[in-house]
Amino acid sequence: MTQNRAGKRAVIAIGSLMYALFAAFGWQAEHLQRSELPRALLWTAVLFVPAAVILTLLLRASERRARDENGPEVRRFSAWRAFAGILICDVPMFLILFPGSFAYDVPFQLEQVFTGAYSSHHPLLHTLLLGGCAKLGRALGQINLGAALYTVLQMTGLSACFALTCASIARQANARAARRAALFFALYPLHMMFAVNATKDVLFSGLFALTLALTREAALRERMSRALAFGIAAAGAGMMLLRNNAVYAVAVWLILLLLGFRRRGLRLTATVALAAALACGINGLLAAVTGAQAGDPCEMLSWPIQQLARARVLDGDRMTDGERAAIDELMPGEAWRLYDPTISDPVKFEFDTKRLLDDPQKYAQVYLSVGAKCPAAYFDALLMHTYSFFYPYSEYGVSGYYLQMGISDSYYEWCDFERIHDQSLLPRVRESLAWRFGAKGAMQIPVIGWAFNMGLIVWVMLYFVLREAYLGAWRRFAAALLPVLLWGTYLLGPVMAGRYIYPFVCALPVLASGTKAVRT
């Protein structure tokens, strides 16, 4: 099915307006650290026309390519060669960062395994895999052996996910698109860096790309094979076991699939629902076996926490004594003074969730009444917290490193034995990478630095989604909504960290492929 002329104009108008708004408010966030609504709307109007012209040219070129890519295949795609090539490209980084990068949440996850006090705050499956490897290494007399084992397993699993993703691209588009995707997975530096980084986001991102590819392939087929259904269920369940964000995104996506495909997509929808049920069931079983305690629900409250803290800092004189007292109760010790516009963690760590849950109605009323008095503070809190995830910033402005490399030395108070430690075979290279790529996302390097810009990656992702709507490729459009929904969950998160962009980087080759007409 192709899009009619009015539909194409609507897609261009919606996309241009979205990009113009992102650019106007994003610039203000980066350069002014606040919004100025009249100026932002004026610049939106100014930018709309050039954005529409550029988007029209891009979409028309994409339409021409869609007509031209129907030639016969010359060579077949080999998933095994892709797997080997991607894995080999990760080896140099493994040697540079040996036994791998064990930062972020690793100390907290290892604490759970070695003390037996588990929490569902971090994915239990990942915690058990990471801690199991570390325990094995310690039993063998060298914990670094266990750390290296985990890194090798992750490198292998990630390469397998990427190779299978490329194989799916070959089936639904062509071998040429699959080979381009394989080269991207092998040579784009962020893949090499994350392949040896022991954060849950890595395996999650690989499984996310694979799930997206397989569901897209199923959406393009009239009938879904058992093998494809099994792949979607397995990859989807693994993906959701590694991040709760995916569960929320899939829940909304299932509703959209039902509304969009109706009877035609019942089997695909049922398969995705099965994956979600498997993930929830396995996670419940792991929680029961380990006795894991539930995580703090304040993880889902980053937006209101940031809004209340900013309002208390900047507009406390507008509030009543009761409103100030209520905020002080939720943020004891005047924790609102720790407000950081780009990350909610400083205030969130001190937030009194128990008090909130004891009287949610009271604090909801305070939140609404403060918001009515301080709407600019609330809007700017959201803008400053999220702009790097939708605006191509000129400098990475979020607190903390874009990408943490090496070994974390913090949060090991519980540990009375040998820790995982750095044994890099090329320490000078590691130090250079940690600064040039880790600190600011390579923004110090002209031109090349933009390849790591979170806002730019999101803009590219959204362009591919708009392209499917412009072409009238509604089945591909339905599949492409999954990354957009996942992106929405990250906008609600505590920080716009570099590792949070990785699933969307992995999704780009899937979204970029298959510009041919939809198969029927």
Side-chain angles (χ1 to χ4, degrees), residues 62 82 86 157-173 177-178 180-191 193-195 199-220 231-232 235-236 238-240 242-243 245-250 252-253 256-257 272 275 389-390 451-469 473 475-491 493 496-515:
S62 179
I86 295 169
L158 190 65
S159 298
C161 286
F162 289 158
L164 291 172
T165 298
C166 293
S168 178
I169 290 173
R171 291 191 297 270
Q172 61 190 277
R180 287 197 294 260
L183 286 174
F184 176 77
F185 286 132
L187 300 179
Y188 183 64
L190 210 57
H191 296 304
M193 295 174 184
F194 271 118
T199 174
K200 58 183 177 287
D201 302 273
V202 177
L203 290 174
F204 164 74
S205 298
L207 288 167
F208 177 75
L210 179 56
T211 303
L212 176 63
L214 294 178
T215 52
R216 190 174 183 264
E217 181 182 351
L220 295 177
I232 293 172
M239 170 190 74
M240 285 180 270
L242 291 169
R243 256 204 174 277
N245 303 57
V247 178
Y248 308 140
V250 166
V252 178
W253 192 48
L256 297 178
L257 287 177
V272 176
F389 231 153
F390 63 75
F452 302 89
N453 191 299
M454 292 190 291
L456 185 63
I457 291 166
V458 169
W459 275 26
V460 173
M461 177 186 75
L462 294 177
Y463 164 74
F464 287 132
V465 178
L466 289 169
R467 183 196 67 180
E468 307 297 19
R475 297 187 188 184
R476 294 203 307 256
F477 176 79
L481 288 178
L482 179 59
V484 177
L485 293 170
L486 182 69
W487 174 60
T489 67
Y490 278 101
L491 289 173
M496 299 301 121
R499 63 187 172 119
Y500 295 158
I501 200 66
Y502 192 50
F504 311 107
V505 172
C506 296
L508 289 183
V510 182
L511 297 174
S513 65
T515 57

Enter the distance from S205:OG to L242:CG here, rounded to the nearest 0.5 Å.
9.5 Å
How far apart are the closest heavy atoms of L220 and Q172, and which atoms are they?
CD1-CB, 3.8 Å
Would you call the rings of H191 and Y188 parallel, tilted or perpendicular, where under 30° means parallel and over 60° means perpendicular?
perpendicular
To the nearest 0.5 Å, what is the distance between CG (L486) and CE (M239)?
8.0 Å
Close side-chain approach of V202 to T199, heavy-atom, < 4.5 Å:
yes
Note, F185 side chain near P509 side chain (heavy atom, < 4.5 Å):
yes
Please report the interatomic distance CZ(F464) to OG(S513), rounded to the nearest 0.5 Å.
9.0 Å
Quick one: are F194 and C506 in side-chain contact, heavy atoms under 4.5 Å?
no
V505 to I457 - nearest heavy-atom pair and separation:
CG2-CD1, 3.6 Å
What is the minimum heavy-atom distance between A246 and M240, and which atoms define it?
CB-CG, 3.9 Å
If I take atom CZ from residue R467 and atom CZ from residue R476, how far apart are they, to the nearest 0.5 angstrom?
6.0 Å
Please tell me if the side chains of P189 and F452 come closer than 4.5 Å, counting only heavy atoms from C-beta onward.
yes
In short, A178 meets C166 closest at the heavy-atom pair CB-O, 3.2 Å
Would you say the side chain of L212 lies within less than 4.5 Å of the side chain of L511, judging by non-hydrogen atoms?
yes
For the backbone of A213 and the side chain of S168, can you confirm whether one donor and one acceptor N or O come within less than 3.5 Å of each other?
yes
Ignoring hydrogens, what is the shortest heavy-atom contact between A478 and L257? Give both atom names and the distance.
CB-CD2, 4.2 Å
Flag side-chain contact, heavy atom, 4.5 Å: W487 against F390:
yes
Spatial distance of atom OH (Y502) from atom CG (D201) [nearest 0.5 Å]
10.5 Å
Are M193 and R499 packed together at the side-chain level, in the sense that at least one heavy-atom pair is separated by less than 4.5 angstrom?
no
Does F389 have its ring centroid less than 6.0 Å away from the ring centroid of Y500?
no
Quick one: do T211 and F208 satisfy side-chain contact (heavy atoms from CB on, under 4.5 Å)? Show the steps, please.
CA-CA 5 Å; T211 303; F208 177 75; 5.7 Å; no
Of all heavy-atom pairs linking L158 and G206, the shortest is CD1-CA, 3.7 Å
Atom pair OG1 (T165) and CD (E217), whose distance is rounded to the nearest 0.5 Å:
10.5 Å
Check the pair L214 / R171 against side-chain contact (heavy atoms from CB on, under 4.5 Å), numbers first and verdict last.
CA-CA 10 Å; L214 294 178; R171 291 191 297 270; 3.9 Å; yes
